[in-house]
Amino acid sequence: MNWFARILHRQKKSEHPRLAQVFFINTLSSQRELFVSQRPGIVLFYSCGPTVYGRAHIGNLRAYVFSDTIARVLTYAGYHVHRVINITDVGHLVGDGDQGEDKVSLGARREKTTPQEIADRYTKAFIDDITELNIDTKEIQFPRATDYIKEQIALARTLEEKGFAYRIEHGLAFDVSRFPGYGKLGHIDIEVQKAGARVEADPEKRHPADFWLWRSAKPDDLQQWDSPWGRGNPGWHIECSAMIRSLLGQEIDIHTGGEDHIAVHHNNEIAQSEAANGRTLAHYWMHSAFLTMNGEKASKSLGNVVYLSDLTDKGFHPLALRYFFLQAHYRTPLSFSWDALAGAASALERLWKLSRDVAGESKRISAPSETRERFLASVRDDLATPQALSILWDSLRGDEDGPEEKWGLIEDAEAHFGLSLLAPPTPGAVHASDIPQEVQQLLSSREEARSKKDFKEADRIRGEIENRGYRVDDGPEGVVLTKKTL
Ligand code: AMP
Ligand code: ZN
């Protein structure tokens with residue numbers, strides 16, 4: 001079954017045929033708008049993905065927790081969300097413009113391997129990182145730019161045929177003067193930019209804002225393909241336009257990225273797609289603000305980045321980062337510090353403790369409440385996660401809501417926040433794959449004894465397990481094994 005058939009199939013079975021109202025601030029209009037999808041109940045959603053020449057830093061990860069939160073809000077509101085995050089494995093040059101070396105080739109030279117190997121390595125690292133942040137990667141397509149070269153060439157060819165592109169000595173460039181309204185996203189005035197020379201001057205281009213659709217291969221380019229414009233590789237922007245068209249169609253509902261993409265990358269995507277297709281590329285554009293380090297954007301080129309593995313190496317749970325992100329509104333710059341992260345981690349620990357308590361008190365039965373309505377109104381109002389978090393805290397710490405109302409709120413919160421509130425991790429719990437086989441056998445013998453109500457035998461086996469350095473607890477989700485500290 002293809003994705004569209006699958007969505008229709010699921011939609012038929014859907015328990016929530018009514019769609020809740022959701023509002024977003026659309027970068028295109030700078031206004032708060034009611035979200036209306038083109039097809040009832042279906043959202044076509046594209047997010048610009050990572051350039052896989054190194055690991056994603058926590059600034060990059062903010063952009064993906066943001067897009068995941070949009071998907072969660074819409075899913076809970078009753079939509080079926082079809083998501084694509086592209087993997088850039090060619091064409092993105094150092095400096096983000098049309099100059100410099102290809103980032104993936106650079107990574108390959110740095111690590112003395114092939115671009116393919118680099119892309120594989122860091123795509124896997126990216127998927128692992130976002131999985132640790134509770135982003136459900138099974139629900140997302142991750143197309144790679146190098147798998148869509150044919151489609152990129154076809155799109156560039158259409159633009160050339162329609163007169164939106166011109167040949168240059170070293171490839172093909174998009175002519176922004178032919179696209180009325182260029183720069184509409186974020187109201188970018190390219191003439192002001194030109195005067196201020198904020199766009200690099202390139203003698204081959206008619207206007208500094210023109211950009212390469214295809215560039216001729218340099219002798220040492222590690223990745224190159226044949227094209228109507230000679231051997232070479234695609235410009236960075238064309239991959240998103242081509243993959244959107246191939247995977248989601250000519251007109252999509254939502255497009256996201258970090259705010260650094262507004263001025264150039266996203267205006268270029270709009271120009272390419274709308275010039276070629278004659279249709280609106282995306283109806284809602286949403287952008288997340290930067291994660292900063294000491295007041296500066298976290299960026300690999302500035303060398304001020306932190307990785308998820310740095311956090312976990314220091315003993316932080318990956319979801320402490322997710323909580324840290326959710327404390328700020330996505331359009332507000334967020335300043336990272338280890339102290340602030342420690343604050344988020346301890347708040348999350350307390351939230352987990354409260355959730356465990358409420359799970360016990362409510363017996364995991366939920367009831368409706370006015371608090372839940374307020375919570376949903378907050379997250380559906382342009383993802384007001386800080387307000388939604390404070391509604392959650394007030395309810396869980398107070399006694400206005402009963403245990404079942406609180407549990408219902410926790411279920412709502414989990415659906416939107418993805419913080420493992422329904423089954424909080426137990427500190428020091430041993431992952432199933434790390435349990436030695438001998439201990440696994442003892443655990444199953446203990447389970448068997450318990451199911452036969454032979455508690456004496458079960459206790460004896462528990463002793464055996466403890467002798468091997470593990471503690472056994474019977475939690476609401478089943479047995480939890482932790483390493484005993486010496
Ligand atoms: P890149 O791999 O450079 O293409 O970036 C991947 C995503 O991370 C893009 O959506 C960027 O806008 C976003 N991004 C890059 N740096 C930061 C930062 N410091 N804070 C938030 N988002 C960022
Ligand atoms: Zn893009």
Side-chain angles (χ1 to χ4, degrees), residues 27 45-68 70 84-97 100 102-104 106-107 118-119 122-123 125-126 129-130 133 135 142-145 148 152 155 185-186 211 234-248 252 254-273 281-282 285-308 321 324-325 328-336:
T27 311
F45 182 6
Y46 184 89
S47 306
C48 287
T51 305
V52 283
Y53 72 121
R55 278 180 301 161
H57 56 73
I58 58 171
N60 302 134
L61 296 177
R62 185 182 191 198
Y64 304 107
V65 169
F66 154 63
S67 58
D68 190 58
I70 298 177
V84 174
I85 298 180
N86 67 305
I87 300 290
T88 300
D89 58 354
V90 70
H92 193 173
L93 305 187
V94 173
D96 293 344
D102 184 294
K103 289 187 178 187
V104 172
L106 185 80
I118 283 292
Y122 292 112
T123 301
F126 173 69
D129 278 354
I130 63 173
L133 290 171
I135 294 176
F142 296 97
R144 284 166 69 142
Y148 288 82
Q152 295 177 67
L155 186 59
L185 194 68
F211 55 93
W236 172 37
H237 317 289
I238 192 90
E239 72 174 82
C240 291
S241 290
M243 291 193 276
I244 290 173
R245 189 160 85 163
S246 295
L247 295 169
L248 296 171
I252 65 170
I254 306 180
H255 194 311
T256 68
E259 64 181 356
D260 53 334
H261 283 343
I262 299 173
V264 178
H265 180 55
H266 286 169
N267 274 304
N268 291 357
E269 279 188 40
I270 290 174
Q272 294 164 153
S273 296
L281 170 59
W285 287 84
M286 295 173 69
H287 295 93
S288 50
F290 288 143
L291 181 83
T292 60
M293 300 274 179
N294 300 319
E296 272 188 315
K297 174 194 173 189
S299 118
K300 227 172 266 179
S301 53
L302 294 174
N304 60 350
V305 292
V306 169
Y307 300 100
L308 188 62
L321 183 66
F324 176 69
F325 291 151
H329 189 262
Y330 74 88
R331 287 187 304 106
T332 312
L334 176 60
S335 165
F336 177 83

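Because only heavy atoms are used, hydrogens play no part in the values below, and waters and symmetry mates are left out as well, while side chains stay in. Read the numbers this way: they start at 1 and go in the same order the structure lists the ligands and their atoms. Only a predicted model underlies this, so the values are computations on that prediction, with no experimental measurement involved.
Interface atoms of ligand 1 facing L291, defined by a heavy-atom separation under 4.0 Å, are 18 (C), 19 (N), 20 (N), 21 (C). The contact set between ligand 1 and P50, taken as ligand atoms under 4.0 Å from a residue heavy atom, comprises 2 (O). Those atoms of ligand 1 that come under 4.0 Å of a heavy atom in A298, given as number and element, are 16 (N), 18 (C), 19 (N). Shown in contact with H261 at under 4.0 Å from a heavy atom are these atoms of ligand 1, numbered in order with element: 9 (C), 10 (O), 11 (C), 12 (O).
If you look at E269 and ask which of its N, O or S atoms sits nearest the Zn ion (ligand 2), the answer is OE2.
With hydrogens left out, the protein atom closest to atom 16 (N) of ligand 1 is K297 CE, 3.4 Å, a heavy atom. Distance from atom 5 (O) of ligand 1 to its nearest protein heavy atom, with residue and atom name: N60 ND2, 3.4 Å.
Shown are V65, L291, L133, D129; of these, the side chain to side chain contact (heavy atoms under 4.5 Å, CB included) with I58 is made only by L291.
Judged purely by distance below 3.5 Å, without hydrogens or angles, the side chains of H265 and H237 pair a donor atom with an acceptor atom. Between the side chains of T292 and N294, no donor N or O sits under 3.5 Å from an acceptor N or O. Side-chain atoms of S47 and T256 include a donor-acceptor pair closer than 3.5 Å. When only modelled atom types and interatomic distance are considered, E239 and H92 share no side-chain donor-acceptor pair under 3.5 Å. At a cut-off of 3.5 Å, with distance as the only test, no side-chain donor of Y53 or D89 sits close to an acceptor on the other residue.
Nearest to atom 3 (O) of ligand 1 by heavy-atom distance, out of H57, H92, R62, is H92. For atom 23 (C) of ligand 1, the candidate residues are G59, G54, G258; the nearest heavy-atom contact is made by G59.
The shortest separation from a heavy atom of G49 to ligand 1 is under 4.0 Å, placing the residue in contact.
Rounding to 10 degrees gives 110° for the angle at the Zn ion (ligand 2) between SG of C240 and NE2 of H265.
The shortest side-chain heavy-atom distance between F142 and R144 does not fall under the 4.5 Å cut-off.
Ring centers of Y46 and H255: under 6.0 Å apart, within the cut-off. Not less than 6.0 angstrom separates the ring centroid of F325 from the ring centroid of Y330.
Only the side chain of D260 comes within 4.0 Å of ligand 1, counting heavy atoms alone; its backbone N, CA, C and O stay farther away. Heavy atoms of A289 found under 4.0 angstrom from ligand 1 belong exclusively to the backbone. Within the 4.0 Å heavy-atom criterion, the part of Y64 lying near ligand 1 is the side chain and not the backbone.
Residue H261: no N/O/S atom is found under 2.8 Å from the Zn ion (ligand 2).
At under 3.5 Å, a nitrogen or oxygen of T51, whether backbone or side chain, sits near a nitrogen or oxygen of ligand 1.
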Under the criterion side-chain hydrogen bond (donor to acceptor under 3.5 Å, both in side chains), I'd like the reasoning laid out for E269 against H261: C-alpha separation, chi angles, the key distance, then a yes or no.
CA-CA 10 Å; E269 279 188 40; H261 283 343; over 6 Å; no
